[in-house]
Amino acid sequence: MKNLEIADLFSKIADALDLKGGNYFKIRAYRRAARTIKDLSEDIEKIYKEGSLTNILGIGEGIAKKIKEYLETGKMSKYEKVTRDIPESLLSLLNIRDLGPKTLHILHKELGVENLDDLKKIIEEGSFSKLEGLGEKKAEKIIEGIRVYEERMGKEKRFLLGEVVPTVNEIVKKLKNIDSVTRVSPAGSVRRMKETVGDIDVLVESNRPNEVMELFTSFPEVKKVLESGETKTSVILEGLDIQMDLRVLPPESYGAALMYFTGSKDNNVRIRGLAQKKGLKVNEYGVFKNGRRIAGKTEEEIYKLLGMEFIAPELREDRGEVELALENKLPFLVKYDDIKGNLHTHTIYSDGENTIEELASHAIKFGYSYLGITDHSKAASYANGMKEDELKKQSDEIDYLNEKLENLTILKGIECDILPDGSLDFDDKILESLDFVIGAIHSGFTKNVTERMIKALENPFLKILAHPTGRLISRRVGYDVDLKSVMAKASEEDKILEINAYYDRLDLNEYNAKEANRRGIKLCINTDAHNLRMFDWMYLGVGIARRAWLPRNAIINTYDLKDLIKILKGNG
DNA sequence: GCCGTTTTCGGCCCGACTGTTTTCAGTCG
């Protein structure tokens, strides 16, 4: 897949043009194309060969031609032309906060800055502040920007969604406790449930913004205040060292502001353009007609006024959702409380921290009607995998508990290792005695993974394939696997793929989940819980499913027990 | 560079905060 390479080229073209003071809209078009291509789930080469590049929103004749050139020759003359006189070391300086294209262009032209060392030097020497329009304060801001930039080695720092949500919830709770605050909501990529986020946006409804800002900036969680005005305050938080932007707006604007600060940027641009054609103006204060506000209290009334369906935050990425909303054709998404059970959990029988009974009472607290117990099989020695006799003992315990429990059914499952030869870790006879079998690869990540998965999927008792790519977002790319072939097999054999909701896995990711659904493959959202706290991750998995536009019936653990068993037993 | 149910040309979202300024440009989201 050359998607990322190509996206990167367009992104650099945009940066280079930006630096040279090129046409704003042209730059925006390149940036948008870069983002779109980066987000594509399909191989761009395949799309090119089908001749359907220009069917993609934001890719027209010009950009399609450049993609064609790159795919056929390995070069993109436009890129080479615009970056000829701009070293890459200069372009990357655009990632420094408070140092934008205009300033960098001047520094390059007037003082010959080409890289980070040059930049540091001219600031130290004082020649920076001598330039017109630049002063000491600006220099200080850029020095701070350089510090952060170096810490991140020039890369954009992203945080795992699951990593920041507890902090967000904590701060939201505190903001709600402020007297003059009537509504609070996370916005931005946190609200859109992106698997990684760059910063935290929170929106507050209040008629006393100054009071809110003052209280907020004195929270112990706040490490440093970057800027603070009447409607917007930016800070760096303790611990995660993440930027958080707080916005405060009055009730009549809260919905408009929520919509705007939720984004995405591309979605906003599209909505505002749409409004403009209808003779309306949309900003974070409301919808205006001839200067008069006609909506803004809630997102719902704004969408309605614009003649479109409500768009769930998870869909707001400008991937065609605006067009569908106008035609009332948005998918009916799976909801967070549609989930009726967790089907991948571990107990003290293998590497979990809790007993079956403890998990069961926790599942009841979640309002679940079933719970799948799936401890590791014997090959998973690192995880204290179960031998045959332990599995039997566990089975007896589950029978006993099921007699006792009224509102929950415990299902007998196993997370069975897929061995190096693609066979499963227990005999078919044992597997047959269980309610369902999850297959998983836990060793040999680079050894014939595709073949092993395909062979395992042929086993009639394996129903669910766990964490199909094996990735850990922050730590490893995952198995060396041809997911397309695995999906083809899963579709043929009527098997289920897991969305593992553990916050560092989120595997399948949203793109793969969408592809699986397109192929008619059913999915299952599990938390892979090793303790009670890990049940909480379920909402992350549902977030992925919603971002993948999945309807409820694509997810088997939204089904009633009766229908679920039919599927797990292969009669569904 | 992209795009079109008034348009194949002429538009392209809109505002907050800061610093260096006396009215605005740059940066960010």
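Numbers restart at 1 for each chain; the letters A, B, ... are given by sequence-line order, proteins then strands. Side-chain atoms are counted along with the backbone in the values below, which use heavy atoms only and exclude waters and symmetry mates.
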Residue A:K232, side-chain heavy atoms: nucleotide from B:dC17, B:dC13, B:dC2 that is nearest: B:dC17
Integer angstrom distance from the C1' of B:dT18 to that of B:dT22: 16 Å
A:N268 side chain near B:dC13 phosphate (N/O to OP1/OP2, under 4.0 Å): no
Out of B:dC28, B:dG1, B:dC17, whichever nucleotide has its closest atom nearest the side chain of A:N23: B:dG1
Sugar-phosphate, base or nothing in reach of A:K102, heavy atoms under 4.0 Å: sugar-phosphate
Candidate nucleotides B:dT27, B:dC17, B:dC12, ranked by approach to the side chain of A:D98 - the nearest: B:dT27
Ion pair A:K304/A:E300, N-O distance below 4.0 Å: no
Row check, A:F310 ring normal vs A:R316 NZ/CZ: under 6.0 Å, within 45°: yes
Distance test, side-chain N/O of A:K26 to OP1/OP2 of B:dG1, below 4.0 Å: yes
A:E132 vs A:S228, nearer the 5' end of DNA chain B by closest nucleotide: A:S228
Under 4.0 angstrom between A:Q276 side-chain N/O and B:dC14 OP1 or OP2: yes
Salt bridge (Lys or Arg N to Asp or Glu O under 4.0 Å) between A:K120 and A:E150, worked out: CA-CA 12 Å; A:K120 285 185 185 167; A:E150 287 189 313; 2.7 Å; yes
Donor/acceptor link under 3.5 angstrom from A:Y285 side chain onto base of B:dG15: no
A:R272 to A:Y260, cation-pi by 6.0 Å centre distance and 45° axis angle: yes
Sugar-phosphate, base or nothing in reach of A:I96, heavy atoms under 4.0 Å: sugar-phosphate
Spacing of the C1' atoms in B:dC12 and B:dC17 (rounded, Å): 25 Å
Phosphate contact (B:dC17 OP1 or OP2) by A:S234 side-chain N/O below 4.0 Å: no
Pairwise 5' ranking along DNA chain B for A:Y30 and A:G229, keeping only the more 5' one: A:Y30
Protein-nucleotide distance (A:K78, atom NZ; B:dC2, atom P), rounded to Å: 11 Å
Sugar-phosphate, base or nothing in reach of A:E136, heavy atoms under 4.0 Å: sugar-phosphate
Residue-phosphate contact under 4.0 Å: A:K277 side-chain N/O, B:dT5 OP1/OP2: no
Minimum-distance nucleotide to A:D199 side chain [options: B:dC14, B:dG19, B:dG29]: B:dG29
B:dC3 to B:dT7 separation - C1' atoms, rounded to the nearest Å: 10 Å
Cation-pi, A:F288 ring and A:R293 (6.0 angstrom, 45 degrees): no
For B:dG19, the Watson-Crick or wobble counterpart (both distances under 3.5 Å): B:dC24
Closest nucleotide among B:dC14, B:dC17, B:dG1 to the A:Y260 side chain: B:dC14
Sugar-phosphate only, base, or nothing, as touched by A:I271 at under 4.0 Å among non-hydrogen atoms: nothing
